[in-house]
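Below is one structure, written out as structure tokens; comments come after it.
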Number of protein chains: 2
Amino acid sequence: MNYKIKSRIWIETDDNVFLGEGRVRLLKAIDTKGSLSKAAKSIGMSYKKAWTLLDAVNKSAKKPVVITSVGGKNGGGATLTPYGKSLISAFETINKGCWTYLDKQLDQINNI
Amino acid sequence: MNYKIKSRIWIETDDNVFLGEGRVRLLKAIDTKGSLSKAAKSIGMSYKKAWTLLDAVNKSAKKPVVITSVGGKNGGGATLTPYGKSLISAFETINKGCWTYLDKQLDQINNI
DNA sequence: AAGCGTTATATTTGTATGGAAACAACGCCA
DNA sequence: TGGCGTTGTTTCCATACAAATATAACGCTT
């Protein structure tokens with residue numbers, strides 16, 4: 001059995017984690033579901049954890065990432081801003097590039 | 001304040017973590033100290049945790065990484081094999097390459 | 001005005017992780 | 001042969017993390 005190289009990347013501001021793979025997955029679910037509770041349920045995450053993650057994202061973001069509203073037409077909801085969509089896109093592009101870089105290095109480990 | 005991209009890489013075999021940054025730090029300390037207990041103390045890690053990590057490394061490695069001996073001249077000890085040294089070197093090279101790749105991608109995040 | 005589906009928040013409960021300490025086994029050495 | 005400094009292993013406890021539960025607040029809708 002050969003070795004595999006795995007990686008995790010994330011974005012920080014002042015030692016606060018801002019964006020990682022789990023948060024990106026949550027943001028994408030928010031984009032398709034339109035609500036935080038439905039997004040959390042769709043990815044098997046508790047509402048509380050989802051709310052905590054979203055709160056951390058919004059607190060350390062330079063511009064708003066998700067707009068939430070309480071009460072109203074359908075009880076409220078959460079929508080991803082264009083800035084949030086761009087962030088997700090950039091994150092995933094960089095992440096894929098990291099994977100392909102690591103794949104190219106695999107021989108250095110397996111051929112020792 | 002600008003964003004920073006951070007990363008963690010590790011090596012797996014069959015869903016078992018084989019080598020990561022913490023294990024590499026432990027292996028390097030073993031190389032300089034010659035014993036597991038002294039290595040653990042030198043990097044502020046409990047002996048039990050160090051032993052557990054080393055056990056996992058040895059169990060999923062394709063060739064021996066650390067040779068341990070019980071009893072004897074100085075009570076025993078732990079020595080890094082040439083294979084282990086090569087692994088550490090390759091791991092750190094790949095890790096640095098990952099960091100420089102990510103640094104080059106930073107503008108994609110900060111310029112949105 | 002009551003009901004609904006949200007967001008937002010606090011409280012409790014359960015679980016997993018990690019450290020501390022204790023101790024057996026081992027083999028050289030004096 | 002007893003002492004020493006290791007590795008190897010178990011047990012217990014504390015702490016942090018995660019999950020479940022409960023509830024308030026909100027504002028449209030009917």
Side-chain angles (χ1 to χ4, degrees), chain A residues 8 10 12 15-61 64-81 83-84, chain B residues 8 10 12 15-61 64-81 83-84:
Chain A
R8 266 299 168 71
W10 66 95
E12 286 189 4
D15 294 335
N16 293 319
V17 174
F18 165 53
L19 206 63
E21 291 187 15
R23 298 176 191 209
V24 164
R25 223 176 334 133
L26 176 63
L27 293 182
K28 290 176 78 171
I30 287 173
D31 194 32
T32 56
K33 298 294 179 182
S35 99
L36 180 56
S37 61
K38 285 177 186 166
K41 189 173 298 183
S42 76
I43 60 176
M45 181 181 290
S46 73
Y47 176 82
K48 184 195 171 185
K49 179 166 186 178
W51 185 87
T52 305
L53 286 181
L54 181 56
D55 190 52
V57 168
N58 278 328
K59 274 180 179 162
S60 53
V65 172
V66 169
I67 306 291
T68 60
S69 65
V70 180
K73 177 140 186 183
N74 295 105
T79 62
L80 195 62
T81 65
Y83 177 64
Chain B
R8 269 283 163 88
W10 67 95
E12 286 189 4
D15 293 336
N16 292 320
V17 173
F18 165 54
L19 206 63
E21 292 187 15
R23 298 176 191 209
V24 165
R25 226 178 330 136
L26 176 63
L27 294 181
K28 291 176 78 173
I30 288 173
D31 194 32
T32 57
K33 298 294 178 182
S35 100
L36 180 55
S37 61
K38 285 177 187 167
K41 190 173 295 181
S42 75
I43 61 175
M45 181 181 288
S46 72
Y47 176 82
K48 183 193 171 185
K49 179 166 186 177
W51 185 87
T52 305
L53 286 181
L54 181 56
D55 189 53
V57 168
N58 278 327
K59 275 180 179 160
S60 54
V65 173
V66 169
I67 306 292
T68 59
S69 65
V70 178
K73 177 142 185 181
N74 295 108
T79 60
L80 196 61
T81 65
Y83 178 62

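What you see below is based on every heavy atom in this structure, not just the backbone, and it leaves out hydrogens, waters and symmetry mates. Letters A, B, ... mirror the listed sequences (proteins, then strands); counts begin at 1. Since we're looking at a predicted model, the values are computed, not measured.
For A:Asn74 and D:dT29, the CG to C1' distance is 10 Å, given to the nearest whole Å. If you measure from atom NZ of B:Lys48 to atom C1' of D:dT6, you get 19 Å, rounded to the nearest angstrom. Distance B:Asp55 CG to D:dT7 P: 13 Å, rounded to the nearest Å. Taking atom CG on A:Leu53 and atom P on C:dA8, their separation rounds to 14 Å, with Å as the unit. Following rounding to the nearest Å, B:Lys59 (NZ) and D:dG8 (P) show an atom-to-atom distance of 11 Å. Between the CE atom of B:Met45 and the P atom of C:dT17 there is a distance of 16 Å, given to the nearest Å. For the pair B:Lys33 NZ and D:dT7 C1', the computed distance is 18 Å after rounding to whole Å. Computed from coordinates, the A:Ile67 CD1 to D:dC26 P distance equals 19 Å when rounded to whole Å.
Among the protein residues, A:Lys38 comes within range of the sugar-phosphate backbone only, with heavy atoms under 4.0 Å from sugar or phosphate atoms but none that close to a base.
Put simply, the side chain of B:Lys49 and the base of C:dG18 share no donor and acceptor less than 3.5 Å apart. Counting atom types as modelled, B:Tyr47 pairs no side-chain N or O with a base atom of C:dA21 as donor and acceptor under 3.5 Å.
Panel note: side chain A:Thr81, backbone A:Pro64; a donor-acceptor pair is recorded below 3.5 Å.
When each of D:dT7, C:dT6, C:dT7 is scored by its nearest atom to the side-chain atoms of A:Ala78, the top-ranked nucleotide is C:dT7. Residue B:Leu36 has its side chain nearest to D:dT7 when only D:dA19, C:dT7, D:dT7 are considered. Here the nucleotide nearest the side chain of A:Lys73, chosen from D:dT6, D:dC28, C:dA20, is D:dC28. Here the side chain of B:Trp51 is nearest to one of C:dT7, C:dG18, D:dT9, namely D:dT9. With D:dA18, C:dA8, C:dC29 as the candidates, the nucleotide lying closest to the side chain of A:Thr68 is C:dA8. The side chain of B:Val70 lies closest to D:dT6, out of C:dT7, D:dT6, D:dA19.
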Checklist entry - Would B:Asn58 and B:Leu54 count as a side-chain contact (heavy atoms from CB on, under 4.5 Å) if you check the C-alpha gap in whole Å, the side-chain angles of each, and the deciding distance to 0.1 Å? => result CA-CA 6 Å; B:Asn58 278 327; B:Leu54 181 56; 3.8 Å; yes
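Here the closest heavy-atom approach between residue B:Ser46 and residue B:Ala40 is recorded as O-CB, 4.1 Å. The two residues A:Gly84 and A:Val65 make their nearest non-hydrogen contact at CA-CG1, 3.9 Å.
Looking at which nucleotide of DNA chain C each of A:Gly72 and A:Leu54 is closest to, the 5′-most match is held by A:Gly72.
For D:dA20, the OP1/OP2 oxygens have no side-chain nitrogen or oxygen of A:Ser46 closer than 4.0 Å. Between A:Ser37 and C:dT7, a side-chain N or O to OP1/OP2 separation shorter than 4.0 Å is present.
With rounding to the nearest 0.5 angstrom, the NZ atom of B:Lys48 is 6.0 Å from the OG1 atom of B:Thr52.
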